[in-house]
There are 2 protein chains.
Amino acid sequence: MKDILTQLNPVFDHRNRLGIMSILAVNDWVDYGTLKELLNLTDGNLASHMKPLEAAEYVEYRKQFVGRRPQTTYAATAAGKTAFKAHLDALELMLKFGK
Amino acid sequence: MKDILTQLNPVFDHRNRLGIMSILAVNDWVDYGTLKELLNLTDGNLASHMKPLEAAEYVEYRKQFVGRRPQTTYAATAAGKTAFKAHLDALELMLKFGK
DNA sequence: TGCATAACTTTGCAGAACAAAGTATTTTGA
DNA sequence: TCAAAATACTTTGTTCTGCAAAGTTATGCA
């Protein structure tokens with residue numbers, strides 16, 4: 001059990017970050033507003049959750065203009081997808097502990 | 001997605017509490033020392049995680065003597081098992097979001 | 001001219017998690 | 001017999017998080 005716990009990735013160890021990664025695991029280039037809406041987060045709150053994910057290079061962003069308004073979109077990197085999968089595997093292992 | 005998020009139970013929303021419930025979901029009457037050891041927690045830390053679980057009546061305890069030493073053992077209540085399962089179902093739903 | 005929108009950053013606070021130390025009782029070992 | 005250990009906590013104090021709310025910059029629209 002101890003060794004499973006160490007395999008849980010602290011960066012993903014939060015409901016909102018799990019949510020972000022769940023979305024980005026299957027949808028490339030999701031925009032800021034959509035993420036905010038889906039997860040019911042305030043502007044600042046979403047930014048503060050994206051920061052550690054970006055810092056770990058688990059997500060990347062693209063800034064573009066739609067019409068003439070700026071738009072930021074996010075996608076999970078390959079490393080992000082791998083790390084997320086590893087986290088979920090550890091989670092699953094832990095939840096099945098003892099069975 | 002929003003409605004899934006609200007189904008996540010805040011009481012379980014922590015790696016150590018997930019660990020505790022994973023153990024108690026399949027093992028009745030696990031003693032304090034074993035939980036502490038398995039989860040790599042300090043005395044005080046385990047106590048502080050058990051408290052909200054007890055308060056929610058998700059776990060119950062039994063105090064007895066083994067030899068002549070006191071021993072506290074814990075088990076998940078029926079309500080605890082149900083709530084935990086609901087939490088895991090919501091988690092799974094969230095992680096599969098978009099697929 | 002002024003309000004709106006997008007995407008943040010900054011600020012400040014309240015609550016959580018943690019380690020470490022303290023407590024009570026009993027037991028074991030030198 | 002006297003000190004140290006074990007069980008199961010509680011208390012204390014600090015650090016870390018997460019959050020809302022407000023501020024910021026750069027357009028866009030009416």
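Lettering of chains follows the sequences in order, A, B, ..., and the numbering in each one begins at 1. As the structure is a prediction and not an experimental result, all values here were calculated from the model.
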Novice: Tabulated below should be each protein N or O lying under 3.5 Å from an N or O of nucleotides 23-30 of chain C; please produce it.
Specialist:
unit_1, atom_1, unit_2, atom_2, d
dT27(C), OP1, Arg68(B), O, 3.4

Novice: Any side-chain N or O of Thr72(B) under 4.0 Å from OP1/OP2 of dT7(D)?
Specialist: no
Novice: Assess the residue pair Val59(A) and Met21(A) against the criterion (side-chain contact (heavy atoms from CB on, under 4.5 Å)); give the C-alpha distance rounded to whole Å, side-chain angles, the decisive distance to 0.1 Å, and a yes or no.
Specialist: CA-CA 9 Å; Val59(A) 299; Met21(A) 290 306 293; 4.0 Å; yes
Novice: Would you please name every residue forming a ring pair (Phe, Tyr, Trp, His ring centres under 6.0 Å) with Phe84(A), sequence neighbours left out?
Specialist: Phe12(A)
Novice: Check the pair Leu53(B), Leu24(B) against side-chain contact (heavy atoms from CB on, under 4.5 Å), reporting the backbone distance first and the verdict last.
Specialist: CA-CA 11 Å; Leu53(B) 293 173; Leu24(B) 297 184; over 6 Å; no
Novice: Quick one, which residues of residues 9-21 of chain A touch DNA chain D with a heavy atom under 4.0 Å?
Specialist: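 Correct list: His14(A), Asn16(A), Arg17(A).
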Novice: Show the nearest heavy-atom pair for residues Asn45(A) and Ser48(A), with the distance to one decimal.
Specialist: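 That would be O-OG, 2.9 Å.
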Novice: dT7(D) P sits how many Å from Leu35(B) CG, rounded?
Specialist: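 To the nearest whole Å, that distance equals 14 Å.
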Novice: Under the side chain to side chain donor-acceptor pair (under 3.5 Å) test, which residues partner Tyr58(B), sequence neighbours left out?
Specialist: Asn9(B)
Novice: Can you find a heavy atom in the side chain of His87(B) that is under 4.5 Å from one in the side chain of Val11(B)?
Specialist: no
Novice: Of the residues in residues 40-48 of chain A, which ones touch DNA chain C at a heavy-atom distance under 4.0 Å?
Specialist: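 Only Asp43(A), Gly44(A), Ala47(A) qualify.
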Novice: With sequence neighbours excluded, tell me which residues meet side chain to side chain contact (heavy atoms under 4.5 Å, CB included) with Lys85(A).
Specialist: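 Partners of Lys85(A) by the side chain to side chain contact (heavy atoms under 4.5 Å, CB included) criterion, ordered by chain and then number, come out as Asp89(A).
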Novice: Got a sec, which residues hit side chain to side chain donor-acceptor pair (under 3.5 Å) with Thr34(A), two or more places apart in sequence or on another chain?
Specialist: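 Checked Thr34(A) against side chain to side chain donor-acceptor pair (under 3.5 Å); matches are Asp31(A).
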Novice: Does anything in residues 15-43 of chain B form a ring-ring contact (aromatic ring centres under 6.0 Å, His included)? List the pairs, not counting sequence neighbours.
Specialist: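 As it turns out, there is no ring-ring contact (aromatic ring centres under 6.0 Å, His included) pair with a partner in residues 15-43 of chain B once direct neighbours are skipped.
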Novice: State which residues pass side chain to side chain donor-acceptor pair (under 3.5 Å) with Lys81(B); sequence neighbours excluded, sorted by chain then number.
Specialist: none
Novice: Taking atom P of dA20(D) as reference, at what distance in whole Å does atom NZ of Lys36(A) sit?
Specialist: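 The distance from NZ of Lys36(A) to P of dA20(D) comes to 12 Å, rounded to the nearest Å.
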Novice: Could you identify which residues of residues 53-63 of chain A place a heavy atom less than 4.0 Å from some atom of DNA chain D, listed by residue number, or say none?
Specialist: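 By residue number: none to list.
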Novice: Nearest 0.5 Å, what's the CG-CG distance between Leu38(B) and Asn27(B)?
Specialist: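 Here the interatomic distance stands at 8.5 Å.
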Novice: To the nearest angstrom, how far is Tyr32(A) atom OH from dT5(C) atom C1'?
Specialist: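 Roughly 13 Å, once rounded to whole Å.
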Novice: Quick one: which residue pairs count as a salt bridge (charged side-chain N to carboxylate O under 4.0 Å, His left out) with a foot in residues 46-64 of chain A, not counting sequence neighbours?
Specialist: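 Every pair satisfying salt bridge (charged side-chain N to carboxylate O under 4.0 Å, His left out) with a residue in residues 46-64 of chain A: there are none.
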Novice: Taking side chain to side chain donor-acceptor pair (under 3.5 Å) as the test, write out the residues that go with His49(A), two or more places apart.
Specialist: Arg17(A)
Novice: Can you measure Gln71(B) atom CD to dA6(D) atom C1' for me and round it to whole angstrom units?
Specialist: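 Rounding to the nearest Å, CD of Gln71(B) and C1' of dA6(D) are 12 Å apart.
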Novice: At less than 4.0 Å, is any side-chain N or O atom of His49(A) found next to OP1 or OP2 of dT17(D)? Yes or no.
Specialist: no
